[in-house]
Amino acid sequence: MKRSNLFLFAFLAGAAAQAQQTPASLSLSPDGMDHITVYTDRVESTPDGNALVFSGQSQPVRAEIYRGLPDGKLPPAIVLTAETVTVDYNAGEVVATNSVTLLWDNHVATGSSARYNWTKREGRIETVRFSEDGMEFRAASLEMLPNRRLMLDATFSGCGLDNPDYVIHAQSVTLNNDRRISARHVSLDLFHHRIVTLPLFTHKARPKGGSGRQALPFPRPGRSQVSGFTLSQAIALSDNVNVEVEVTTRVGWRGIASYANEGRITPYAVADWKQERASRDRLPVLVSRVPELGIRFGDNSANTLNVGSYREHSTGVSARRATASYEHTVLDHGEHPGLRLIVGARASAYSTHDFYRTARADVSIGREGKDRDTFEEVGMRLNGLQGHTPFQWDQVLVQTEAYAGKRISWGHYRLETDLRYDVGNHKMYDVEVGIAKRLRCVEPEIRYSDRRRAVFFDVRVLN
């Protein structure tokens, strides 16, 4: 059907029913595969005859855009409602203005105006506000591209935007189809105070069955007997590369850089320069790892295979090490007990021609509440070793270990306790306690470890 006949058909259909919305259907693409159906009670043609203008008198105009023939079985790809909708066939665009609502792929966005180009399969909405994966976004504009969405001058939070506990401002935000958020030139506000400014912020929506708490890259203060006062800051360099820098009052700077391509099978690389607590005495030992390469696999990336190269600078000893671990949950039925089995192995070859092997097996049983605020677990860890390590820090400290953990909550508070008992020496090896208070949607937490003589402060976001 020629373009002039399409315009004439739509115009006559609208003119015949001024008081009642009547659908007008026309083809958008030359191959006849893209269609638009407009429900309106008023339609007119522009003076040049290249566009139709649909407007609503009794109710807003509704435009349904189909990628293919509208056979009644598949829903429309995009639904636009607005006071005015213009279909420009020459430009290949549908333009909506005034009180616009845009629906696509189970998403709903509102804005002042919207534009969709059916030739490029791209769209843009101005002064937009919408929600996705628990995050609420507000931006000057949103571009819908085939593989991603791009926002400019954006503000977003998982705590709403009316009076949020925390909010993130960014010059640009990219939403990828794998549910990953990448924001550039970012500032993070906590309780209406600017905390940190970063060049890049990356965040991935929590997968089903994942933890209900996530950490944002706020500065994390702490204190330990070995390191003194510490301040850590995580910084994203790209979607897959992250660094964390920590300054201490006793052992200087520490840093770690990591790469991970997240997926069901996750290749990763880690390099760091850090102080490790020595097992033979209580002094810090400087250790560098350049680099460790490995893969994590499984639903929660709990299973690992990796090889790495380490160097202990105070002794001059270096080592190549291979590690494998396997984790499996036998039972997993919500609040019912679940039996978890963890098996790990490690082999190291040192520059002194020594060889060292360790093996670890964990068996535990526990249960977790559906709200994830209650948890309890008891288990046993067996460590086996053969050979001797010249490293000061790379030691098996406890041969046989019993451990228990419990998390309880009351009101807005959460208390966690972890106990580790040295069965061979009949003494408590470590006690770790954490207490957190839930605010509106953030949870400040303080944790203390008896073995490390350390206390740390963190802020987690509730999903």
Side-chain angles (χ1 to χ4, degrees), residues 222-228 230 248 250-251 274-287 289 302 304 308 310 312-315 317 319 321-329 337-350 352 354-367 375-408 415-435 446-456:
R223 187 189 187 281
S224 69
Q225 187 180 42
V226 171
S227 303
T230 64
T248 72
R250 292 184 180 176
V251 296
K274 61 184 178 180
Q275 293 282 26
E276 288 282 358
R277 183 186 182 88
S279 60
R280 297 174 183 172
D281 52 42
R282 305 183 69 85
L283 297 177
V285 179
L286 184 62
V287 178
R289 175 173 43 165
T304 61
Y310 293 78
E312 188 176 83
H313 296 272
S314 58
T315 61
V317 178
R321 188 168 74 177
T323 306
S325 67
Y326 172 76
E327 180 173 333
H328 179 64
T329 300
L339 180 63
R340 187 180 59 166
L341 172 66
I342 303 175
V343 178
R346 187 177 67 194
S348 300
Y350 298 103
T352 56
D354 294 324
F355 190 73
Y356 180 63
R357 294 191 297 269
T358 64
R360 193 190 81 180
D362 285 42
V363 178
S364 66
I365 186 169
R367 63 180 182 178
F375 172 80
E376 55 189 18
E377 181 181 30
V378 294
M380 185 71 69
R381 179 176 296 123
L382 303 176
N383 293 307
L385 68 156
Q386 182 178 352
H388 174 71
T389 168
F391 274 155
Q392 288 183 293
W393 62 275
D394 188 16
Q395 303 284 328
V396 174
L397 302 182
V398 183
Q399 198 73 33
T400 305
E401 174 186 336
Y403 57 91
K406 189 173 181 65
R407 180 195 306 141
I408 61 174
L415 177 66
E416 289 189 26
T417 304
D418 295 290
L419 307 176
R420 299 174 63 186
Y421 182 76
D422 187 345
V423 177
N425 294 315
H426 305 288
K427 66 177 183 179
M428 191 66 69
Y429 177 62
D430 190 19
V431 177
E432 187 168 321
V433 179
I435 186 169
I446 297 177
R447 299 192 71 87
Y448 171 77
S449 170
D450 180 66
R451 181 177 69 90
R452 294 186 296 169
R453 298 292 193 271
V455 59
F456 295 96

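If you read the sequence from its start, that first residue is 1, and numbering goes on from there. These numbers come from a predicted model, not from an experiment.
- Taking NZ of Lys427 as the start and OH of Tyr421 as the end, the distance is 10.5 Å to the nearest 0.5 Å.
- Looking at Thr304 and Ser325, their side chains do bring a donor and an acceptor atom within 3.5 Å of each other.
- For the pair Arg381 and Tyr403, the cation sits on the ring face: its NZ or CZ lies under 6.0 Å from the ring centre, inside 45° of the axis.
- The side-chain heavy atoms of Arg420 and Met428, taken from C-beta on, include no pair separated by under 4.5 Å.
- Taking CG of Asn425 as the start and CD of Gln399 as the end, the distance is 10.0 Å to the nearest 0.5 Å.
- Counting only heavy atoms from C-beta outward, the side chains of Leu382 and Val363 never approach each other to under 4.5 Å.
- Side-chain rings of Tyr356 and Phe391 stay apart, their centers remaining 6.0 Å or farther from each other.
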query = Can Arg447 and Asp418 be said to form a salt bridge (charged side-chain N to carboxylate O under 4.0 Å, His left out), step by step?
reply = CA-CA 11 Å; Arg447 299 192 71 87; Asp418 295 290; 3.6 Å; yes
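- Interatomic distance, OG1 of Thr358 versus CZ of Arg346, reported as 4.0 Å (0.5 Å rounding).
- Using a 4.5 Å cut-off on side-chain heavy atoms (C-beta onward), Asp362 and Glu327 make no contact.
- Across all non-hydrogen atoms, the minimal contact from Phe355 to Ser348 is CD1-O, 3.2 Å.
- Minimum heavy-atom separation, Arg360 to Asn383: CG-OD1, 3.0 Å.
- If you take CE on Met380 and CD1 on Ile365, they are separated by 13.5 Å, rounding to the nearest 0.5 Å.
- The CG atom of Asp430 sits 11.5 Å away from atom CG of Asp422, with the distance rounded to the nearest 0.5 Å.
- In this structure, the side chains of Glu432 and Arg451 stay at 4.5 Å or more apart for every pair of heavy atoms.
- Contact annotation: the side chain of Tyr350 approaches that of Thr389 to within less than 4.5 Å [non-hydrogen atoms, C-beta and beyond].
- Taking the side chain as every heavy atom from C-beta outward, Lys406 and Glu377 never approach each other to under 4.5 Å.
- No hydrogens or angles considered: a donor-acceptor pair under 3.5 Å links the side chains of Arg321 and Tyr310.
- Judged by distance alone, the side chain of Arg357 and the main-chain N or O of Gly384 form no donor-acceptor pair under 3.5 Å.
- Arg453 is listed as a side-chain neighbour of Tyr448, based on a closest heavy-atom distance under 4.5 Å.
- Shown here for Thr352 and Pro390, the closest heavy-atom pair between the two residues is OG1-CG, 3.8 Å.
- Between Val378 and Ser364, every side-chain heavy-atom pair lies at or beyond the 4.5 Å cut-off.
- To the nearest 0.5 Å, atom CD1 of residue Ile408 and atom CG of residue Leu415 are 5.0 Å apart.
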